[in-house]
Amino acid sequence: MLSCDICGETVTSEPDMKAHLLIVHMESEVVCPFCKLSGVNYDEMCFHIETAHFEQNELERNFERISTIQYGTSENGKDNTPQCRMEVNSSIHSACASNHPKISAQSLPKDCTLKHKAFYSENLTESRKFPKSKEKQCDLSKIKGSVYETMYSPPDCPFCGKIEDCSQDMETHVKTKHANLLDTPLEDCDQPLYNCPMCGLICTNYHILQEHVDLHLEESSFGQGMDRVQCSRDLELAHHLQQEEDRRRKSEESRQEMEEFQKLQRQYGLDNSGGYKQQQLRNMEREVNRGRMHPSEFHKRRADMMESLAIGIDDGKTKTSGIIEALHRYYQNAAPDVRRVWLSTVVDHFQSSFGDRGWGCGYRNFQMLLSSLLQNDAYDDCLKGISVPCIPKIQSMIEDAWKEGFDPQGASQLNNRLQGTKAWIGACEVYTLLTSLRVKCHIVDFHKSTGPLGTHPRLFEWILNYYSSEGEGSQKVVCTSKPPIYLQHQGHSRTVVGIEERKNRTLCLLIFDPGCPSREMQKLLKQDVEASNLKQLRKFVGNLKHKQYQIVSVEGVLTSEEKVARRQASQVFTAEKIP
């Protein structure tokens with residue numbers, strides 16, 4: 001039995017095979033599987049595919065070469081007998097391995113041949129019609145010659161691998177040397193068979209199998225190389241994207257840090273937007289534009305401000321005096337729920353003005369404390385010739401204390417400059433300034449809550465001990481010789497001028513707040529003061545819930561030697577901590 005290599009048709013004899021080839025394949029229309037060219041014969045189509053589509057598909061070229069070898073004309077001009085048994089080229093099997101079913105010994109016909117139906121496309125397996133004119137056959141011979149010269153490859157034996165010059169010689173070799181194998185199924189052959197471990201292809205020669213496996217390995221190596229290249233590109237892209245993300249994140253972090261820094265600068269008055277004088281003028285101009293201040297009033301206040309800045313003394317326009325005396329009268333005649341009250345020495349209240357609103361509380365509380373010391377004869381020696389200074393003058397005095405060597409760390413944090421800025425000051429700056437004036441003072445840090453719900457009962461107890469330390473008495477109102485206490489917490493500061501002890505044993509601080517308007521403080525000067533007027537002064541334990549509080553208490557006058565010792569100690573600032 002013979003099998004057609006083109007369509008797999010099985011015939012009984014060689015003449016039947018020739019008739020089959022002539023009728024089915026030689027007289028049918030040929031169509032190019034790549035560009036659909038038609039109207040040419042089989043060999044012309046082979047020439048067209050080889051020249052026009054040489055690199056388009058290696059698989060089709062290999063099969064076309066095998067087909068040309070088997071059915072073309074040999075060099076001696078004899079027609080080659082169609083051979084239905086062929087050994088598949090290793091490169092073809094390699095290319096087919098992933099696209100076609102595995103070939104096994106059971107799938108082969110009994111004549112030990114391989115049929116290649118998968119290669120031919122629909123167009124090529126259709127019946128072909130060749131021109132019968134002598135003129136076209138002549139042209140065909142010329143085309144065949146040129147095609148065979150470039151496409152012919154000597155056939156090799158599918159059983160032993162021997163190479164012959166032409167298909168006729170190979171047929172003779174197979175019939176003489178391997179006649180016993182032609183009628184014996186592959187599974188019954190004595191000659192060993194070799195299975196490809198990668199695709200299952202059966203080979204009769206291990207050299208062929210080796211070449212076939214090498215093609216697999218080359219293909220695998222190429223695929224791995226492409227994978228490595230792709231992986232390398234992916235890693236490079238990922239690295240590039242990560243770098244871009246890092247740069248974008250760092251840029252965003254830098255921008256946020258700068259915004260936070262600028263916000264803090266504005267908050268603490270270090271943004272170079274001017275100081276007390278500039279803010280005072282801007283706010284007064286705004287009041288004039290809004291119709292709240294007459295232009296003549298603006299010019300009068302401006303002149304008073306310039307005079308105050310020139311002499312360095314506060315103009316007293318935000319000061320309220322006589323409140324301690326008024327409180328003494330009130331507690332003598334009213335306040336039935338108060339068991340006892342302790343009041344500091346006389347102190348004036350100073351309100352924040354247009355020039356320091358939002359940042360000047362520390363300066364105003366220092367003015368309150370200094371106003372009390374200036375009215376206390378015990379401090380005449382160290383404060384001789386000093387009046388309550390204006391805010392720019394206080395800034396200048398703190399800078400002078402820094403120049404003497406007090407608190408170098410605090411000075412560096414504020415860039416050693418306060419004048420012309422809206423920089424906040426706190427307990428450390430007040431301590432530095434008082435110590436430079438030889439006023440003995442003490443900082444106490446209540447750094448964490450000592451009561452339920454974030455309260456600070458130890459702070460109240462300390463202030464009570466401070467004012468009641470001069471001795472016990474039977475009177476309800478005790479006017480002590482103690483100066484007021486500077487009280488600092490996050491974002492604000494106030495002045496403690498006394499403390500109440502209620503009949504239920506609870507404590508209540510009396511506090512002057514620079515944020516309280518002067519018109520409200522002046523209500524306390526009336527003869528008929530009501531309890532509601534003291535609401536702005538009274539602060540119970542539950543009213544003070546900030547995380548941390550610091551106080552500056554005045555204790556007397558320093559000698560020159562003590563001043564030098566405290567200046568040296570301020571190189572590393574320390575404070576008493578409670579608890």
Side-chain angles (χ1 to χ4, degrees), residues 264-265 267-280 308-314 350 352-353 355-356 358-374 379 382-443 483-488 491-495 514 550-554 557-558 562-564 566-575:
L264 289 174
Q265 283 186 319
Q267 180 179 352
Y268 292 102
L270 299 174
D271 56 349
N272 297 321
S273 61
Y276 177 86
K277 175 182 175 181
Q278 290 80 3
Q279 180 171 318
Q280 178 87 357
S308 173
L309 296 180
I311 62 177
I313 298 176
D314 187 80
F350 287 82
S352 296
S353 66
D356 62 288
W359 58 274
C361 58
Y363 301 97
R364 294 299 183 181
N365 285 302
F366 174 78
Q367 289 178 329
M368 296 184 202
L369 180 55
L370 187 60
S371 71
S372 177
L373 297 178
L374 290 174
Y379 298 93
C382 60
L383 299 177
K384 185 180 297 184
I386 295 179
S387 300
V388 176
C390 62
I391 289 180
K393 180 61 176 178
I394 297 175
Q395 292 176 326
S396 174
M397 294 169 68
I398 295 175
E399 289 180 359
D400 292 339
W402 286 342
K403 292 176 182 178
E404 289 184 43
F406 288 95
D407 189 18
Q409 293 183 357
S412 63
Q413 291 176 0
L414 295 172
N415 298 323
N416 296 285
R417 176 174 172 264
L418 289 176
Q419 293 187 80
T421 72
K422 293 180 285 188
W424 296 13
I425 62 170
C428 293
E429 286 72 36
V430 171
Y431 173 89
T432 295
L433 181 52
L434 290 174
T435 305
S436 69
L437 296 174
R438 289 180 48 226
V439 175
K440 186 178 181 180
C441 52
H442 182 55
I443 295 181
I485 297 173
Y486 179 94
L487 176 65
Q488 177 76 50
H492 194 42
S493 61
R494 289 172 279 190
T495 299
Q550 288 182 333
I551 63 173
V552 180
S553 62
V554 176
V557 179
L558 292 172
E562 289 175 331
K563 176 182 175 181
V564 173
R566 294 210 172 195
R567 180 181 63 195
Q568 187 64 30
S570 70
Q571 303 300 308
V572 179
F573 228 109
T574 58

Practice problem: Calculate, to the nearest 0.5 Å, the distance between atoms CD1 and OH belonging to Ile551 and Tyr486 respectively. | Solution: 12.5 Å
Quiz prompt | Residues Phe350, Ile391; criterion side-chain contact (heavy atoms from CB on, under 4.5 Å); working and verdict | solution = CA-CA 11 Å; Phe350 287 82; Ile391 289 180; over 6 Å; no
Quiz prompt | is_close_aromatic(Phe573, Tyr431), centroid dist under 6.0 Å | solution = yes
Quiz prompt | Residue pair Val439 / Leu370, side-chain heavy-atom distance below 4.5 Å | solution = no
Quiz item: Side-chain contact, heavy-atom cut-off 4.5 Å: Tyr276 with Gln395?
Solution: no
Self-check item: Approximate separation, where rounding is to 0.5 Å, of Ile485 CD1 and His442 NE2
Solution: 11.0 Å
Exercise. Decide side-chain contact (heavy atoms from CB on, under 4.5 Å) for Val557 and Arg438; before the verdict, give the C-alpha distance in whole Å, the side-chain angles of both, and the deciding distance to 0.1 Å.
Key: CA-CA 6 Å; Val557 179; Arg438 289 180 48 226; 4.0 Å; yes
Quiz item: Under a 4.5 Å cut-off applied to non-hydrogen side-chain atoms, are Lys277 and Pro392 in contact?
Solution: no
Quiz item: Is there a donor-acceptor pair under 3.5 Å between the side chain of Gln409 and the backbone N or O of Val572?
Solution: no
Quiz item: Taking it one step at a time, do Met397 and Leu437 satisfy side-chain contact (heavy atoms from CB on, under 4.5 Å)?
Solution: CA-CA 10 Å; Met397 294 169 68; Leu437 296 174; 4.1 Å; yes
Quiz item: Quick one: does Ile425's side chain get under 4.5 Å of Leu418's, heavy atoms only?
Solution: yes
Quiz prompt | Heavy-atom pair of closest approach, residues Ser436 and Glu404 | solution = CB-OE2, 4.4 Å
Quiz item: If you round to the nearest 0.5 Å, how far is CG of Leu487 from NE2 of His492?
Solution: 9.5 Å
Quiz prompt | Gln488 side chain to Cys428 backbone, donor-acceptor under 3.5 Å | solution = no
Self-check item: Between CD1 on residue Ile394 and CD on residue Gln419, distance to nearest 0.5 Å
Solution: 11.5 Å
Quiz item: What pair of heavy atoms forms the shortest contact from Glu562 to Leu558, and how long is it?
Solution: OE1-CA, 3.4 Å
Practice problem: Would you mind reporting whether Gln278 and Ser273 have side-chain heavy atoms less than 4.5 Å apart? | Solution: no
Quiz item: Asn365 side chain to Cys361 main-chain N or O, any donor-acceptor pair under 3.5 Å?
Solution: yes
Exercise. Indicate yes or no: at least one non-hydrogen side-chain atom of Thr435 is less than 4.5 angstrom from one of Phe406.
Key: yes
Exercise. For residues Leu369 and Pro483, report the shortest heavy-atom separation together with the two atoms involved.
Key: CD1-CB, 4.3 Å
Quiz item: Nearest 0.5 Å, what's the CG-CH2 distance between Leu433 and Trp402?
Solution: 10.5 Å
Exercise. Kindly determine whether Leu374 and Val388 satisfy side-chain contact (heavy atoms from CB on, under 4.5 Å), including the steps that lead there.
Key: CA-CA 8 Å; Leu374 290 174; Val388 176; 3.8 Å; yes
Quiz item: Side chain of Arg566, backbone of Lys440: donor and acceptor closer than 3.5 Å?
Solution: no
Quiz item: Looking at side-chain heavy atoms only, is the closest gap between Ile398 and Phe366 below 4.5 Å?
Solution: no
Quiz item: Is there a donor-acceptor contact under 3.5 Å from the side chain of Glu429 to the main chain of Gly426?
Solution: yes
Self-check item: Ser493 and Arg364: side chain donor to acceptor below 3.5 Å
Solution: no
Quiz item: Got a sec: does the NZ of Lys563 have more than 12 other heavy atoms crowding it under 6.0 Å?
Solution: yes
Self-check item: Step-by-step side-chain hydrogen bond (donor to acceptor under 3.5 Å, both in side chains) determination, Ser570 to Asp407
Solution: CA-CA 5 Å; Ser570 70; Asp407 189 18; over 6 Å; no
Exercise. Could you tell me the separation between the CG atom of Asp356 and the OH atom of Tyr363, rounded to the nearest 0.5 Å?
Key: 9.5 Å
